[in-house]
Each structure stands twice: as C-alpha cells, then as structure tokens.
Chemist: 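Structure in structure tokens, see below.
Each chain gets a letter, A, B and so on, in the order the sequences are listed, and its residues count up from 1. Computed from a predicted model, the values in this text were never measured in an experiment.
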Number of protein chains: 2
Amino acid sequence: MIDKLEFLLALAREKHFGRAAEACGVTQPTLSAGVKQIEEQMGVLLVRRGSRFQGFTPEGERVLDWARRIVGDTRNMREEINSLRLGLSGRLRIAAIPTALAMVAALTTPYRERHPNVQFTILSRTSVEILELLENLEIDAGITYVENEPLGRVSMIPLYHEHYRLLTSADAPLGNRDKVTWAEVAQVPLCLLTPDMQNRRIIDRLLKSAGGDSRPTLESDSMILLYSHVRTGRWASVMPEKIAQTLGLTDTIRAIPIVEPEAVQTIGLVVPKREPMTPTTTALVEVARRVAPTLTD
Amino acid sequence: MIDKLEFLLALAREKHFGRAAEACGVTQPTLSAGVKQIEEQMGVLLVRRGSRFQGFTPEGERVLDWARRIVGDTRNMREEINSLRLGLSGRLRIAAIPTALAMVAALTTPYRERHPNVQFTILSRTSVEILELLENLEIDAGITYVENEPLGRVSMIPLYHEHYRLLTSADAPLGNRDKVTWAEVAQVPLCLLTPDMQNRRIIDRLLKSAGGDSRPTLESDSMILLYSHVRTGRWASVMPEKIAQTLGLTDTIRAIPIVEPEAVQTIGLVVPKREPMTPTTTALVEVARRVAPTLTD
DNA sequence: TGGGTTGATAGATAAAAGCTATCAATGATA
DNA sequence: TATCATTGATAGCTTTTATCTATCAACCCA
C-alpha cells in the first residue's frame with residue numbers, strides 16, 4: 001500500500017508514467033497497475049488520463065496530500081529507529097539558494113562535529129524549487145529567504161541577513177568608493193544571477209526603484225561563474241556580503257557597501273512542519289538555533 | 001506494510017498474538033510473520049517475547065507511536081475520499097462516560113439532521129478507557145471530563161456542566177428539602193457507580209471533604225440500574241442534574257440540589273488532535289461547538 | 001509430572017506483484 | 001493526409017509474497 005502511494009508521489013513529481021516508474025525502480029506497467037489499484041480501493045479516479053498524463057482529479061489531489069504525509073511519516077519512523085540503533089546516521093538532504101551556499105558550511109561543520117556519522121547531500125536550487133522539494137519529501141531542509149511566505153507547512157529558523165555589496169575591480173569606475181548608491185550601481189554593466197533566482201529579482205527591484213533598469217551584461221545560475229568574471233577585473237557584480245567574503249577578496253577586487261536604501265534580506269533554515277521531526281532534522285534545527293546568533297550582525 | 005502496522009496495533013491492544021490475529025482476521029502464524037517482518041525491516045526487535053507476549057521494546061514503543069499515526073492517517077484518507085464521493089457517510093464511533101450518556105442525543109440528533117447517512121456506534125466507558133480507545137483508534141471521539149489532562153494528543157470542546165443532585169423519594173429522610181449539604185448526603189445509604197468511574201471518585205471526594213465517608217449500599221456500572229433502584233422509593237443516589245432529568249422525575253422522586261460546596265464538573269467532547277480530522281469528526285466538532293451554548297447553564 | 005496455553009516453525013497453496021512484449025490512441029510532422 | 005514517435009493500457013507469464021493448516025517446543029500451573 002505504501003509503495004503504491006510512493007508511485008503516486010513519483011507521478012506527481014514526474015508528471016509522466018514512464019519516468020515515474022523509472023524513479024521508483026519499477027517498469028511502467030507496474031506503476032500503472034499500482035495507481036489503478038489505489039483508484040479501485042478508493043473507488044474514485046485519481047489521475048486524469050487521455051492518452052497521456054493530464055494531472056490529478058480533485059480527489060487525486062487530496063489523496064496526494066495524504067500520501068505525502070503517510071509516506072513521509074513512514075520514512076521518519078525508519079530513520080528514528082535507525083538512529084536509536086546506530087546513533088544519528090543516514091543522509092541529510094539540504095537545498096540552498098546559490099547566495100547562501102557559502103553559509104551552509106556554518107551549519108554542516110558544527111553538525112558533523114556532534115554527529116560524525118551523518119552524510120550530507122547539498123543542492124543549489126531556486127527558492128521556489130526548494131519549497132517544492134520540501135513538499136515532495138525530496139529534501140529534509142532548505143536554506144532560503146524567510147520572507148517567502150511559510151505556507152503553514154514549514155517552520156523557519158532565521159539564520160543571518162544578506163547585505164548587498166558591489167563587487168568590482170579597484171581601478172574600475174566606482175572602484176575607489178567607500179559606498180555607492182543603487183542609482184550608481186545601475187549605471188555599471190553587471191554580472192547577475194538568472195531571473196528565476198529570487199536574489200536577482202530582489203536586485204532588479206532595488207535597481208528599478210533607484211531609477212535605473214536592470215540589463216546585466218551577463219547572467220548565470222552559478223555564483224562561481226559570476227565571481228570568476230569579476231576576478232578578471234573587467235566585470236562587476238552585486239553579491240551578498242557573506243558570499244563575497246567567502247569567495248575571497250584580493251587587493252584589486254573590492255566589495256563596496258551599497259546604500260540608499262541599505263537593503264537587507266533574512267535568510268533562514270526551512271524544515272517541514274511535522275511533529276515529530278526526524279532525529280537528523282531535529283539536530284539540524286538545534287545547530288541552526290545555536291549558530292544563528294553568531295552569524296547575525 | 002500498513003497491514004503489518006495494523007498487526008502491531010492489534011498486538012498492543014490485545015497483548016496476545018492469538019487474539020490480535022483474530023482481531024485482524026488472520027491466523028496466528030500470519031500475524032507472527034508480519035510482526036517479524038517489520039522487525040527485520042527495522043533491524044530491531046520490537047516485541048519482547050519469552051514463550052509469551054511480554055510487551056514491547058523501547059524501539060517497539062516508538063514504532064507503535066508512528067504506526068498509530070500512519071494507520072490513522074490512512075483511514076482518514078479513505079474516509080475523506082469516500083465523503084467526497086458520497087457526501088458524509090460511514091460510521092462515527094463515540095464513547096461516553098455513563099453520566100453523559102443522556103447528553104449524547106443532544107449531539108447525535110442535530111448531526112443526523114445535517115448528515116443523515118452517517119451511522120453511530122456509542123459505547124459507555126470509563127474516562128480512562130475513553131482516552132485509551134482514542135489512542136488506539138478504536139473510537140473517533142469521546143465524551144468525558146475535560147479536567148482529565150488533555151495529554152497533548154487530543155482536542156477538547158467543552159459541552160456542559162455537571163451539577164449534582166440527590167435523587168430520592170419524597171417521603172424519605174431529606175426528601176422534602178429544597179437543598180441538602182454533602183454532609184447530609186453522606187448520612188444516607190446511596191446507590192453509586194463503581195469506583196472505576198471518575199464520577200464515583202468525584203462524589204467520594206466530595207463526601208469525604210464534607211466529613212462523611214462513602215460506603216454506598218449498592219454499586220453498579222449502569223445508570224439505568226441505579227435509577228431503577230431509586231424509582232422503588234427505597235433507595236437514593238447522587239446523579240448529575242441532566243441525566244436525572246432525562247430519566248424522568250415522578251411526583252414521588254425528587255432531584256434535590258446538593259450544596260456546600262456546589263460542585264461543578266465540565267464535560268466535553270474529546271477528539272484526536274490531528275490535522276486534518278476526518279470529515280465526520282470535523283462535522284461532529286462543528287455540531288458540538290454549535291450546541292454547547294444551548295447546554296450550558 | 002501432566003494438561004493447558006502460547007508463540008514459533010514447516011510445508012503446501014493461493015494470491016499478488018512484477019516483468020516482457022505488444023497494442024491502441026494521440027499528436028506532431030512532412 | 002499519411003507517417004512516425006510518444007504515451008499509457010493490456011495480455012500472458014514468472015517470480016515472489018502472503019496466508020493457511022498442522023505441528024512442535026517452551027513454559028506455567030497445579
């Protein structure tokens with residue numbers, strides 16, 4: 001029964017019988033039969049079909065909601081019992097927005113000191129994707145903007161604030177300044193994240209409200225790529241302070257505070273709101289609460 | 001998998017492999033194999049055995065806790081989907097303390113007007129048993145004293161207050177009074193509920209604090225039996241006002257308020273604290289909230 | 001020590017779940 | 001409009017799992 005519910009979850013993720021089957025490690029007919037069996041047990045069609053997957057019926061959506069809960073609880077049970085036997089172990093799956101990637105180590109390092117047998121998988125995702133992954137039980141926790149409304153299904157632990165800096169060569173225009181305004185930044189050709197990233201949308205908004213418009217010369221979904229361009233001395237970017245520090249500032253590359261307005265975004269840990277949480281997630285929340293005061297400025 | 005978890009729940013209820021198997025509608029070897037299979041999947045012994053059932057290991061207790069949640073959610077899912085198809089239907093299982101039995105009709109009657117396809121099973125149980133039945137998913141709701149600490153796992157909706165009355169023949173001693181004290185009641189031979197009932201323990205406490213002691217001439221777990229004795233005119237009893245009214249007062253039988261102190265107990269509806277509740281339970285809570293103001297005095 | 005109780009084990013059988021191969025329906029493309 | 005690719009359903013077969021009956025070993029109590 002629980003396996004069949006997992007079929008349903010995979011189908012919701014993949015929106016495709018064949019790929020969902022592959023994700024579950026079974027063949028397509030097996031998955032089809034499993035879905036049909038749940039439908040028979042419930043006495044209602046759950047999936048709208050028509051020679052291809054067309055989404056779920058209203059009843060299907062409700063079943064999906066329950067399935068997420070039931071499957072999630074089953075996994076949590078397994079993990080809790082394993083932890084009782086072996087101490088904290090297993091794999092903690094975390095997704096973070098790119099600008100927060102550098103801060104993840106502030107959580108994983110103290111975590112690992114306490115619980116050396118836990119392994120990590122850390123993904124770089126957009127804030128929207130992170131919430132989806134949490135919903136679909138594909139990650140245990142996310143690190144993202146806490147202003148993204150909590151949806152009621154997740155708990156948020158604030159971690160630190162993003163302060164924006166103009167990253168630029170010292171001998172470029174503005175390169176010798178102690179601080180710059182958003183209006184000034186809007187005049188410079190920039191390397192920024194792609195528009196699907198919330199960070200980019202925040203910066204766009206700030207540039208626009210300062211009277212400029214956002215036409216970055218270069219877009220990427222990788223902070224490394226942006227930074228490597230800045231390092232050439234020929235490009236500039238806008239980045240949160242922390243990640244700029246982590247990537248390292250040289251004599252020639254400066255991170256200049258941007259004011260008017262002094263924009264701040266809060267970044268936090270996001271975990272599914274479900275009691276009880278898995279032991280590994282509980283431990284992560286503990287670490288987050290412990291280190292958060294040391295990160296805030 | 002879920003079936004196996006049901007085996008475990010049955011075993012926790014029955015504390016006996018054979019009876020648990022019977023309750024699940026399978027043979028004893030099947031249940032034994034099912035339990036063993038979960039133990040293998042978890043990699044831990046869950047049941048302490050030794051030629052007979054000896055309880056659960058600590059890991060077993062944790063698995064039981066999860067199993068209750070998972071099995072409960074699965075049933076709730078089924079019921080919710082059924083309700084979407086057929087409107088509100090199914091069976092609502094309620095257990096009430098004996099002194100509240102007469103008040104159940106105040107819930108079931110308006111409920112049935114709105115949702116005529118829901119059937120009821122109503123059990124008379126002690127307050128302790130009601131909480132156990134709720135834990136074990138054997139009832140959907142209870143009606144009991146709300147002072148019984150909520151345990152965090154249940155929600156309580158206050159319904160009405162129990163006021164105590166001396167039920168006695170008009171020509172018996174005290175029979176002509178407008179009110180009596182607990183100290184006076186303590187002098188009269190009484191028919192009371194058995195000591196496993198909280199109502200009895202409450203009355204015992206009141207009698208004792210008034211300086212009397214509680215040596216009822218007759219004990220029973222049935223309010224009908226108590227009342228039928230009072231009706232003979234030769235016995236007296238202490239009952240909540242509402243049930244006395246329901247059983248009917250004749251010219252010869254009076255219900256006399258008992259004062260010093262004027263004791264009041266709050267009775268309420270108790271449902272599992274789990275979101276979302278089943279549609280039938282949700283409807284019951286709605287009815288309870290609606291009728292409660294009309295019951296309170 | 002013997003009878004009754006309890007849960008485990010063995011062996012047989014029935015039920016299910018899964019796979020491969022194939023088909024029908026749909027949609028896109030030339 | 002004819003052709004081809006995609007997608008999910010279906011059929012038939014095999015393997016695996018679940019369950020039953022019958023029996024056994026351990027234990028308890030008298």
Chemist: Heavy atoms under 4.0 Å, any strand shown: does A:K4 hit a base, just sugar-phosphate, or nothing?
Modeler: sugar-phosphate
Chemist: Please report the distance, rounded to the nearest Å, between CE in B:M1 and P in C:dA17.
Modeler: 15 Å
Chemist: Using whole Å, report how far CZ of B:R48 lies from P of D:dC27.
Modeler: 16 Å
Chemist: For the pair A:R19 (side chain) and A:R13 (backbone), establish whether a donor and an acceptor sit closer than 3.5 Å, ignoring hydrogens and angles.
Modeler: no
Chemist: Whole Å only: how far is the CD atom of B:E14 from the C1' atom of C:dT6?
Modeler: 15 Å
Chemist: Between atom CZ in A:F17 and atom P in D:dT7, what is the gap in whole Å?
Modeler: 12 Å
Chemist: Under 3.5 Å, is there a donor-acceptor pair between the side chain of A:E6 and the main chain of A:C24?
Modeler: no
Chemist: Is any side-chain N or O of A:R52 closer than 4.0 Å to OP1 or OP2 of D:dT6?
Modeler: no
Chemist: How would you label the contact of A:Q54 with the nucleic acid (heavy atoms, under 4.0 Å): base, sugar-phosphate, or nothing?
Modeler: nothing
Chemist: By the definition side-chain contact (heavy atoms from CB on, under 4.5 Å), identify the one residue from B:V44, B:L46, B:V47 that meets it with B:I38.
Modeler: B:L46
Chemist: Pick the nucleotide of DNA chain C nearest each of B:S32 and A:L31; which residue has the one closer to the 5' end?
Modeler: B:S32
Chemist: To the nearest Å, give me how far apart CD (A:Q28) and P (D:dA11) are.
Modeler: 14 Å
Chemist: Under 4.0 Å: is that the gap between some side-chain N or O of A:T27 and OP1 or OP2 of C:dG18?
Modeler: no
Chemist: A:D3 has an atom CG; how far is it from atom P of C:dA17, in whole Å?
Modeler: 9 Å
Chemist: What nucleotide, of C:dG7, D:dC20, D:dG8, holds the atom closest to the side chain of A:R49?
Modeler: D:dG8
Chemist: Which distance, rounded to the nearest 0.5 Å, do you find between the CZ of B:R125 and the CD1 of B:I97?
Modeler: 14.0 Å
Chemist: In whole angstroms, how far is the P atom of D:dG8 from the NZ atom of A:K36?
Modeler: 14 Å
Chemist: Check each of A:I94, A:V270, A:I139 against A:I130 using the side-chain contact (heavy atoms from CB on, under 4.5 Å) test, and report the only one that passes.
Modeler: A:I139
Chemist: How many Å lie between CZ on B:F56 and P on C:dG7, as a whole number?
Modeler: 11 Å
Chemist: Side-chain N or O of A:T30 less than 4.0 angstrom from OP1 or OP2 on C:dA17?
Modeler: no
